[in-house]
Every structure is written in C-alpha cells, then in structure tokens.
Amino acid sequence: MRLVTWNVNSIRIRLDNLARLSSEARPDVVCLQETKVDDASFPYDEVRDLGYHHVAVRGQKGYNGVAVLSRQPFEAEHRLDWWGQDDSRHLSVRFPNAFELHVFYVPSGGPTPDPEKNEKFAHKLGFLTEMAQWARNEGIAGRKLAIVGDLNVAPLDNDVWNHQRIKRQVGHTPLECEHMAALKDAGGFTDVGRHFVPAEEFLFTWWGYRHPQSFTKNYGWRLDHVWVTPPLARHLKAHKVESDARTWPRPSDHVPVTVDFQ
DNA sequence: ATGGCTCTAACATAGAGA
C-alpha cells in the first residue's frame, strides 16, 4: 500500500494539486495537514470523486486541520488533545489487520526560539514533550504504528540547506532537535526518510514562499516526516519526496512524501 | 534587523506560517 503525507496549506485551494497527485502517484491513503477548513465545509464530494470514499477529518475555521483520505475502510478514529488545546493537530485511524496511523501537525513555534519570551515556542516544546510521554506511556514501540505529518522540525544537519546559518532559527535549533530525538527514542521509531536517504545527503520537503527562488536554489528544509515502529518497519518498501509538486501551479510550500509498504 | 510570499477571515488589513 502507498501512503502519502502532505501539508497542503488549505485543502480548498489545493484540490487541483491533490487530483494531480492522486492521478500520478495513486496513493491508497493520503494524510493532510493545514486543511484550514471546518469539518462541515470540507470538500468531501471532491475527494470522493478522486476515489477516497473513507475520510476522517478534524478541522477548524482558518487554521490547522488534519485529515485522512483512504481508498479502503478503517476501523476506528481517535482525536487526542495536546498542551490542553482542542486545536485540530492530531487524528488517528486504525486499518484492520494492518496498522495504526497517527497524523500530526506540530505547532510552528513562532519567531523567537526562547520558551521564556515566546509562548508559541513553549507550546511547540510542550507538544513534542507530550508526544514523547504518550509514546512511552502507551507502549507505542510495541505496536504496529506510524506517525506522519508536518512535525515542523528539521532534526538533522542535512535536513536544512545551510545548517550553520539556520541552527538559530525556529525549526532547526538544537533544543528542538533534542526533543525530536527524545520522541524518536520513546517510540523506537525508524525515520523513514533517513532509512532510505543517507544522512550525508540533503533531504527537504519544504521550500518557503518568501524567497521567490527558494526552490530553484534549493533553500529547503525537511519538516514533513513518516516515522514507524519496529513491527511496521519490517514492511517498508520505498520512499519518495514528490519534489515536482513544488513546481505545479499554485503549489503548497510543502510537497507530498510517499512511502510504500509491503 | 527586516521583509520577501501565501493563505484565511471578511471586505481593509491583520494574523499566521517557519
């Protein structure tokens, strides 16, 4: 089966791009972040027309929002709150006789990498800390499970285009990278991107809008992740960052990440 | 140090993204 995670930066604006991805990559399951739409206004008919008849959404007006689109049915759906906030940053589903899938949209963290001065950064660190506690307390490492989504941290040196320049910026600070390492350890996770692409090579999933040449100059970051527990890691088959999607008309600043399981 | 650009809400411009 083929799984995709993608921060679409508004599902309603990105429907044509979703249709193109659906046609070209033929994913079985699509996990979305930043849908930016409340559940009543979600474009159910449009995604059903693409073949995704089983849909779980957790959205809100204007901000955040996650969703799972699937060609096959899933059994159960859960929503967890983090940092005491019901703000549409997590949704999970269970595929029968297969695995649990948890979709996350981790807070971006605001501009200043200091939790004393910036409540958004404190929120981000608290969110990542609670994820690690959850992974440990719930025995995640022993379950057949994947966490996917925009984790908003580029954890390794070659997950950004210039480590020395960016290591003081939110999303790539040593403190955030330590929180990611603790989460990875707590769940016994395999970082699927780095399972297939050596840490010596650049690997990016996000190119900002603000620099018009960011994609052509490859000023990228790896913010979007698929992490799997040991029982699921045995089934990994392939991985691809769909970088071409950044050149499509009206692109999201994030591109889809595809993982194949056998 | 700041802004670049894109999206939403809502109707001019401000907030958020990272």
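Naming convention: chains lettered A, B, ... in sequence-line order (proteins, then strands); numbering from 1 in each chain. Both backbone and side-chain heavy atoms feed into the values below; hydrogens, waters and symmetry mates do not.
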Original post:
Rounded to whole angstroms, how far apart are CD on A:Glu34 and C1' on B:dA16?
Top reply: 8 Å
Subject >> Set of residues satisfying side-chain contact (heavy atoms from CB on, under 4.5 Å) with respect to A:Pro212, sequence neighbours excluded >> reply: none
Original post:
Partners of A:Ser243 by side-chain hydrogen bond (donor to acceptor under 3.5 Å, both in side chains), sequence neighbours excluded?
Top reply: none
**OP:** Quick one: which residue pairs count as a ring pair (Phe, Tyr, Trp, His ring centres under 6.0 Å) with a foot in residues 134-154 of chain A, not counting sequence neighbours?
**Re:** A:Trp82-A:Trp134, A:His102-A:Trp134, A:Phe104-A:Trp134
Identify all side-chain donor-acceptor contacts of residues 255-262 of chain A below 3.5 Å with residues at least two apart in sequence or on another chain.
from     : atom 1 : to       : atom 2 : distance (Å)
A:Thr258 : OG1    : A:Glu242 : OE2    : 2.8
A:Asp260 : OD1    : A:Arg2   : NE     : 2.7
A:Asp260 : OD2    : A:Arg2   : NH2    : 2.9

**OP:** Could you name each residue pair satisfying ring pair (Phe, Tyr, Trp, His ring centres under 6.0 Å) that touches residues 168-187 of chain A, not counting sequence neighbours?
**Re:** A:His163-A:His172
**OP:** For A:Thr112, check side-chain hydrogen bond (donor to acceptor under 3.5 Å, both in side chains) against everything at least two apart and list the hits.
**Re:** none
Original post:
Can you give one letter per nucleotide of nucleotides 3-10 of chain B, 5' to 3': B if a protein heavy atom sits under 4.0 Å from the base, S if only from the sugar-phosphate, - if neither?
Top reply: -BBSSSSS
**OP:** Give the rounded distance in Å between these two atoms: CZ of A:Arg89 and C1' of B:dG17.
**Re:** 10 Å
**OP:** Rounded to whole angstrom, note down the P distance from B:dT2 over to B:dT6.
**Re:** 22 Å
**OP:** Give A:Tyr105 one of three labels, base, sugar-phosphate or nothing, depending on what nucleic acid heavy atoms sit under 4.0 Å from its own.
**Re:** sugar-phosphate
Subject >> DNA chain B contacts among residues 159-181 of chain A, heavy-atom distance under 4.0 Å >> reply: none
Original post:
Going by heavy atoms closer than 4.0 Å, what residues in residues 106-120 of chain A are next to DNA chain B?
Top reply: A:Ser108, A:Lys120
Original post:
Can you name the ring-ring contact (aromatic ring centres under 6.0 Å, His included) partners of A:Tyr105, sequence neighbours left out?
Top reply: none
**OP:** Between B:dA9 and B:dG4, how far apart are the P atoms? Round to whole Å, please.
**Re:** 23 Å
**OP:** Could you measure between the two P atoms, the one in B:dA1 and the one in B:dT13, and give it in whole Å?
**Re:** 29 Å
Subject >> A:Asp87 CG to B:dG15 C1', straight-line distance once rounded to whole Å >> reply: 16 Å
**OP:** Go through the structure and list residues passing salt bridge (charged side-chain N to carboxylate O under 4.0 Å, His left out) with A:Glu176, not counting sequence neighbours.
**Re:** A:Lys124
Original post:
What pairs of residues pass the side chain to side chain donor-acceptor pair (under 3.5 Å) test when at least one of them lies in residues 198-210 of chain A, not counting sequence neighbours?
Top reply: A:Asn9-A:Tyr209, A:Thr205-A:Asp224, A:Trp206-A:Asp253, A:Trp207-A:Asn218
Original post:
Has the side chain of A:Ser214 got a donor or acceptor atom that lies under 3.5 Å from a matching backbone atom of A:Gly208?
Top reply: yes
Subject >> A:His254 side-chain N/O to B:dG17 phosphate OP1/OP2 under 4.0 Å >> reply: no
Subject >> Atom-to-atom span, CH2 of A:Trp206 to P of B:dG17 - whole angstrom >> reply: 13 Å
Original post:
Is there a donor-acceptor pair closer than 3.5 Å between any side-chain N or O of A:Asp28 and the backbone N or O of A:Met1?
Top reply: no
